[in-house]
Amino acid sequence: MGRILSGIQPTGAPHLGNYLGALRQWAAMQDEDDCFYAIVDLHALINVPDPDELRTATRNVAMVVLAAGVDPDRCTLFLQSHVPAHTEMGWVMECGVSFGELSRMTQFKAKAEAREFVSAGLFTYPALQAADILLYQADRVPVGDDQRQHLELARDAAVRFNSRYGPLLTVPQATLPKAGARVMDLQDPTSKMSKSAISPQGTIDLLDSPDELARKVKRAVTDTEGVVRYDPAAKPGVSNLLDLLSAATGEAPEALADRYAQYGPLKADVAEALNELLRPFRKRLAELQGEPSAVTAALALGRQKAAAVADATLERVRDAIGLLPR
Ligand code: TYM
């Protein structure tokens, strides 16, 4: 049995990229592995969210994660800020990674350019992410493609820690899904689908109705060639649609392309397949919306289980680096 850790930010509404890149894997792994899933509310602070919006987003994301099939009796689902070891280990990691390493993070560079107030937290964010992972001695981290570089940093941080202080931390590995690791924006298919997209039409929110989803897929940007072919560089829009169909059906995008002569029928099948894929998710979500106490109970249980593991690692880390016992 391996140890798994992953996280999702409570920033805005979760989207199809989060589902295909991460949440679907989270649910699939929980029977074979010992899984810890964090809703990383401390990470969300880098966006300086409105307090009420943060509270609402945190509850909604917890509900979405549960609706995606994550079962609090078979894994550990918790809020990052409920386990104080994360902040303490975050500081240890900040002192263990270099300014140069953090400066090379492409997500930092992209996000810093796009905003006026660039918090120090935006810069040190990957160190806190490394702390999240290393506290649980995770072997594998199920994430989408955009987290690859952050995972490399977490690995480097673990290797460096172990060479300085002895072999204490597990060196983690990223696990990407076969299909859906990089879902692109439907209106701008050269950018990844994200919560901060310019046009909401390009992002499929997991809370969208089946009709809304179908409308967004129908309006997805393609090209004027009129030929269905899988070629992400030359035909990013059509290839994204084929990737989505592949993620929903399990078939290779190249093989799927052979079945279509026109974009219209492809889009219709993509919408239908995605709505079918999301059917159980939507059913569970509707049930959970009627019982908010299930979310509170799941997080309370998760907090205890997570703290027991994180605190034990932190005590060993404190001792190894020379902090006196409390
Ligand atoms: P976040 O909240 O941006 O995204 C959560 C998960 O969704 C994946 N994802 C995507 N996958 C495919 N296509 C997309 N368009 C897409 N957009 C997002 C992400 O790769 C991620 O797996 N830094 C992390 C949160 C985090 C974390 C961690 C993750 C904090 N600590 C420890 C793993 C381990 C983030 O902002 O994810």
Side-chain angles (χ1 to χ4, degrees), residues 3-27 29 35-47 49 57-58 60-62 64-65 68 70 78-81 83 86-87 89-90 93 105-108 110-111 121-122 124-155 157-158 172-197 202-206 236 240 243-244 246-247 306 310:
R3 175 62 66 74
I4 308 295
L5 177 121
S6 196
I8 182 168
Q9 273 194 64
T11 307
H15 53 73
L16 186 65
N18 299 133
Y19 184 81
L20 295 177
L23 300 181
R24 190 153 71 136
Q25 301 197 77
W26 292 15
M29 287 172 133
C35 299
F36 288 78
Y37 299 130
I39 295 164
V40 292
D41 49 356
L42 295 171
H43 274 105
L45 295 177
I46 60 156
N47 304 310
T58 304
N60 283 345
V61 169
V64 162
V65 172
V70 166
F78 65 101
L79 293 186
Q80 182 188 34
S81 71
V83 181
H86 286 252
T87 29
M89 184 70 163
M93 287 297 128
M105 294 291 121
T106 54
Q107 280 212 358
F108 168 72
K111 289 193 173 170
L122 182 65
T124 59
Y125 174 110
L128 182 58
Q129 179 161 348
D132 299 338
I133 298 166
L134 303 181
L135 272 179
Y136 296 86
Q137 306 282 18
D139 308 294
R140 282 177 295 142
V141 184
V143 283
D145 182 73
D146 62 336
Q147 295 300 318
R148 244 183 234 263
Q149 199 187 22
H150 289 162
L151 258 292
E152 274 306 309
L153 185 78
R155 285 172 65 83
Q173 239 185 354
T175 303
L176 273 63
K178 276 200 208 82
R182 191 167 180 82
V183 176
M184 308 307 276
D185 187 287
L186 297 179
Q187 289 299 316
D188 173 13
T190 55
S191 303
K192 68 168 184 177
M193 187 176 282
S194 97
K195 292 158 193 157
S196 49
T203 306
I204 295 179
D205 283 351
L206 290 173
N240 189 36
D243 275 329
L244 289 174
S246 167

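Both ligands and their constituent atoms are indexed starting at 1 by order of listing. The basis for the numbers below is simple: all heavy atoms, side chains too, and nothing from hydrogens, waters or symmetry mates.
Within the 4.0 Å heavy-atom criterion, both parts of I8, backbone and side chain, lie near ligand 1. At a heavy-atom distance under 4.0 Å, only side-chain atoms of V141, from C-beta outward, approach ligand 1. Here D132 has side-chain heavy atoms under 4.0 Å from ligand 1, and that is the only part of it that gets that close. If you look at Q80 next to ligand 1, there are no close heavy atoms at all, none under 4.0 Å.
In this structure the side chain of D41 reaches within 4.5 angstrom of the side chain of Q80, judged on heavy atoms. A 4.5 Å side-chain heavy-atom check between L186 and N240 finds at least one atom pair inside the cut-off.
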Should Y125 and K111 be marked as a side-chain contact (heavy atoms from CB on, under 4.5 Å) after you check the CA-CA gap, both sets of side-chain angles, and the distance that decides it?
CA-CA 12 Å; Y125 174 110; K111 289 193 173 170; 5.6 Å; no

When you look at T175 and Q25, which way does the side chain to side chain donor-acceptor pair (under 3.5 Å) test go after all the steps?
CA-CA 9 Å; T175 303; Q25 301 197 77; 5.5 Å; no

Could you please spell out the steps behind the side-chain contact (heavy atoms from CB on, under 4.5 Å) verdict for L5 and L135?
CA-CA 9 Å; L5 177 121; L135 272 179; over 6 Å; no

Show the numbers, then the answer: is there a side-chain contact (heavy atoms from CB on, under 4.5 Å) between Q129 and H43?
CA-CA 8 Å; Q129 179 161 348; H43 274 105; 3.9 Å; yes

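The single protein non-hydrogen atom nearest to atom 28 (C) of ligand 1 is Q129 CG, 3.4 Å, given as residue, atom name and distance. Here the protein heavy atom with the shortest distance to atom 12 (C) of ligand 1 is A181 O, 3.1 Å. Among all non-hydrogen protein atoms, the one lying nearest atom 23 (N) of ligand 1 is Y125 OH, 2.5 Å. Looking from atom 19 (C) of ligand 1 to the surrounding protein, the closest heavy atom is D146 OD1, 3.3 Å. Atom 9 (N) of ligand 1 has its closest protein heavy atom at N18 ND2, 3.7 Å. With respect to atom 37 (O) of ligand 1, the closest heavy atom belonging to the protein is Q147 NE2, 3.8 Å. Protein heavy atom nearest atom 6 (C) of ligand 1, with residue, atom name and distance: A22 CB, 3.6 Å. The single protein non-hydrogen atom nearest to atom 11 (N) of ligand 1 is G17 O, 3.0 Å, given as residue, atom name and distance.
Per-residue contacts place L5 under 4.0 angstrom from the following atoms of ligand 1 (heavy atoms of the residue considered): 32 (C), 34 (C). Heavy-atom proximity to G180, at under 4.0 Å, picks out these atoms of ligand 1: 12 (C). Those atoms of ligand 1 with a heavy atom of S6 less than 4.0 angstrom away are 33 (C), 34 (C). Taking every non-hydrogen atom of M193 and a distance limit under 4.0 Å, the qualifying atoms of ligand 1 come out as 14 (C), 15 (N), 17 (N).
Within the 4.0 Å heavy-atom cutoff, M184 does not count among the residues contacting ligand 1. At least one heavy atom of K195 sits closer than 4.0 Å to an atom of ligand 1. Not a single heavy atom of P14 sits closer than 4.0 Å to an atom of ligand 1. No heavy atom of L20 sits closer than 4.0 Å to any atom of ligand 1.
In terms of N/O distances under 3.5 Å, ligand 1 is not approached by L151. For G7, no nitrogen or oxygen atom sits less than 3.5 Å from a nitrogen or oxygen atom of ligand 1, counting backbone and side chain alike. Residue H150 has no nitrogen or oxygen atom sitting less than 3.5 Å from a nitrogen or oxygen atom of ligand 1, judged on distance alone.
Nearest heavy atoms, K195 versus P14: CE-CA, 4.4 Å. Taking each heavy atom of A179 and R24 in turn, the nearest pair found is O-NH2, 4.4 Å.
When the ring-ring contact (aromatic ring centres under 6.0 Å, His included) test is applied to Y37, the partners found at least two apart in sequence or on another chain are W26. For the side chain to side chain contact (heavy atoms under 4.5 Å, CB included) test, residues two or more places apart in sequence or in another chain that qualify with A181 are D145, L176, P177.
Between the CG atom of N47 and the CG atom of L122 there is a distance of 8.0 Å, given to the nearest 0.5 Å. Here the OG1-CE distance, from T203 to M193, works out to 5.5 Å after rounding to the nearest 0.5 Å.
Ring-centre distance between F108 and H150: not below the 6.0 Å cut-off.
Checking T190, D188, D185 one by one against P236, the side-chain contact (heavy atoms from CB on, under 4.5 Å) holds for a single residue, T190.
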